[in-house]
Amino acid sequence: MSRPFNFSAGPAAIAEEVLREAAADMLDWHGSGMGVMEMSHRGPEFGAIYQQTQSDLRELLAIPAQFKILFMQGGGLAENAIVPMNLSARTAAPGARGTADFVVTGSWSQKSLQEATKYCNAQLAASSAPNGHTSLPEPASWQLSSKASYVQVCTNETIHGVEFHTLPDLAALGCNAPLVIDFSSHVASRPVDWSRVGLAFGGAQKNLGPAGLTLVVAREDLLGHALPICPSAFDYKIVADNQSMFNTPPTYSIYIAGLVFQWLKRQGGMAAMEARNIAKATLLYEAIDQSQLYYNKVDPHCRSRMNVPFYLRDERLNDAFLAGAKARGLLQLKGHKSVGGMRASIYNAMPLAGVQALVDYLHDFEKTGG
Ligand SMILES: *Cc1c(COP(=O)(O)O)cnc(C)c1O
C-alpha cells in the first residue's frame, strides 16, 4: 500500500524509508532497551547518534572545518533575533548599536529585517516588494552599508517561491561583511558554496526532519561577540563550546535528521539531489507554463526548486481543484494564506513520481474538471 504524495510546505514529508527505520527503533534502539526519546542526551547511546549525525551532515554539505555545526531550537523565527544578538555588535564600537543589512525578497526576509530592528540598526539594502517579490534585486544594485556587521538574505522564499540559484558574492561587490543566509526551506537540496557564507540557519521541518531542531552553521571567527542581553542558551559561542549540549537539545529530532542524512547519502549526496530537484521543478514549471488554466508569477531565472506557488486563472475552481487532488492522494496543495492560490512544495522527500502524479492531475483537471 503506497502512501499519498504530501506537498506540505512544512512540517513536510519525510522519506518513507526513514519513517520505517524510526518505527522499527521506536521501542528499542539497537538493542539498548530504550527508545531514542528516552535516552539521556549525555549517555553513550545518544552520544553515538549525535556524533554520527554531525559527521554525516559535515560530509553531505561539505562543511569546512572552520565552521561550527550547532543544533539549536526556536526555528527560523528565533534565529531572526538570535543572529543580531550574536553578530550585530561584532564590528561596532564597544557599547554602540550595531548595523546589519537586509535584502528583502519575500515574507521571510521581511520578518528577519523587522525582528532585527529590536537589536541593531537594520537597514534595507534592496527589496523586490515593488514587483510583488517575483524577481530578485541584482546584487550590483544593493545599497550595502560600510558599517554593516553582516548582510542577511533568505536564499529560498518559501511563500513567494523565489530562490537564489547561486549565492551572492559579497566580496565581488566590495563588501567584506559576512553573508548570513536563511536556508530553512532549501537546505540540503543542493551543494552550498561555503566560501561565500559566514553563517547559515534553518529550521529542520522543511527538508531535514521534524520540527524542533534548528540547524546553525557558523564560521568560528564570528562567534564570541554576543550582546550582554543574549540568553546563554542562544549564545553561539556557549552552544559551540558545549557541543550543542549547554541545554538539552531536541534529541529525537536530531536522531530523525540523522536518519535523513544517511538516506541522502544513499541517494548519492548533494550533487545527485540537486539534479533530481532540478528535474522535478522543471517538469512542474513546464506543465504550469504550458497550460491555459494555471500560472506562476516568478521570473524563470529565480524560481524556487522547492516551493512552487501557482494560481488558477478562475479562482472559483480552487475548492474543486483541492478536493479532486485530495481524492487522488495529492495532499496539502493549498497556498499560504497571505498569497492565496496553490503551492506545491517538492522537497527532497518528494519523488519524481509524485511530481508526475501532480502534473497528470493538473492536466486532467484542466481538461475535464477532475
Ligand atoms: C519556515 C520558515 C521560517 C520559520 O521557521 P519557524 O521554524 O516557524 O520559526 C523561516 N524562514 C524560512 C525561509 C522558512 O521557510
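Just so we're clear, the structure is a prediction, and the values are computed from it rather than from any experiment. Count residues from 1 along the sequence. Each ligand, and each atom within it, is numbered from 1 in the order the structure gives.
- For atom 9 (O) of ligand 1, the nearest protein heavy atom (residue, atom name, distance) is Leu77 N, 2.9 Å.
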For residues 199-211, dump all side-chain donor-acceptor pairs below 3.5 Å to protein atoms at least two apart in sequence or in another chain.
unit_1, atom_1, unit_2, atom_2, d
Asn207, OD1, Asn348, N, 3.0
Asn207, ND2, Val187, O, 2.8

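- Between the side chains of Asn307 and Tyr347, at least one donor N or O sits under 3.5 Å from an acceptor N or O.
- The two residues Arg266 and Glu21 come nearest to each other via the heavy atoms NH2-OE1, 4.2 Å.
- Aromatic pair Tyr361/Phe321: ring centres closer than 6.0 Å.
- The protein heavy atom nearest to atom 8 (O) of ligand 1 is Gln205 NE2, 3.8 Å.
- Salt bridge Arg303/Asp289: present, at least one basic N to carboxylate O contact under 4.0 Å.
- Here the heavy atom of the protein found nearest to atom 1 (C) of ligand 1 is Lys206 NZ, 1.6 Å.
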Which pairs would a plain distance check flag for residues 78-89, meaning a side-chain donor or acceptor within less than 3.5 Å of a matching protein atom at least two apart in sequence or in another chain?
unit_1, atom_1, unit_2, atom_2, d
Glu79, OE1, Tyr236, OH, 2.6
Asn80, OD1, Ser112, OG, 2.7
Asn86, OD1, Tyr236, N, 2.9
Asn86, ND2, Ile82, O, 2.9
Asn86, ND2, Phe234, O, 2.9
Ser88, OG, Pro84, O, 2.7

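- A heavy-atom separation below 4.0 Å is found between Asn156 and ligand 1.
- Residue Glu79 places no heavy atom under 4.0 Å from ligand 1.
- Heavy atoms of Thr158 found under 4.0 angstrom from ligand 1 belong exclusively to the side chain.
- Remark: minimum distance from atom 11 (N) of ligand 1 to any protein heavy atom is reached at Asp182 OD2, 2.7 Å.
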### Message
Checking Asn121 against Arg97 for the side chain to side chain donor-acceptor pair (under 3.5 Å) test, could you report, in this order, the C-alpha distance in whole Å, the side-chain angles of both residues, the deciding distance, and whether it holds?
### Response
CA-CA 7 Å; Asn121 301 319; Arg97 203 170 162 83; 3.3 Å; yes
### Task
For the pair His160 and Thr105, evaluate side chain to side chain donor-acceptor pair (under 3.5 Å) and give the outcome as yes or no after the intermediate values.
CA-CA 8 Å; His160 289 86; Thr105 55; over 6 Å; no
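- Counting heavy atoms under 4.0 Å from ligand 1, residue Glu157 does not touch it at all.
- Of all protein heavy atoms, the one closest to atom 5 (O) of ligand 1 is Gly76 N, 3.5 Å.
- Protein heavy atom at the shortest distance from atom 10 (C) of ligand 1 is Trp108 CE3, 3.4 Å.
- Residue-level proximity to ligand 1 for Cys154 is carried by the side chain, the only part with a heavy atom below 4.0 angstrom.
- Every heavy atom of Gly203 sits 4.0 Å or more from the atoms of ligand 1.
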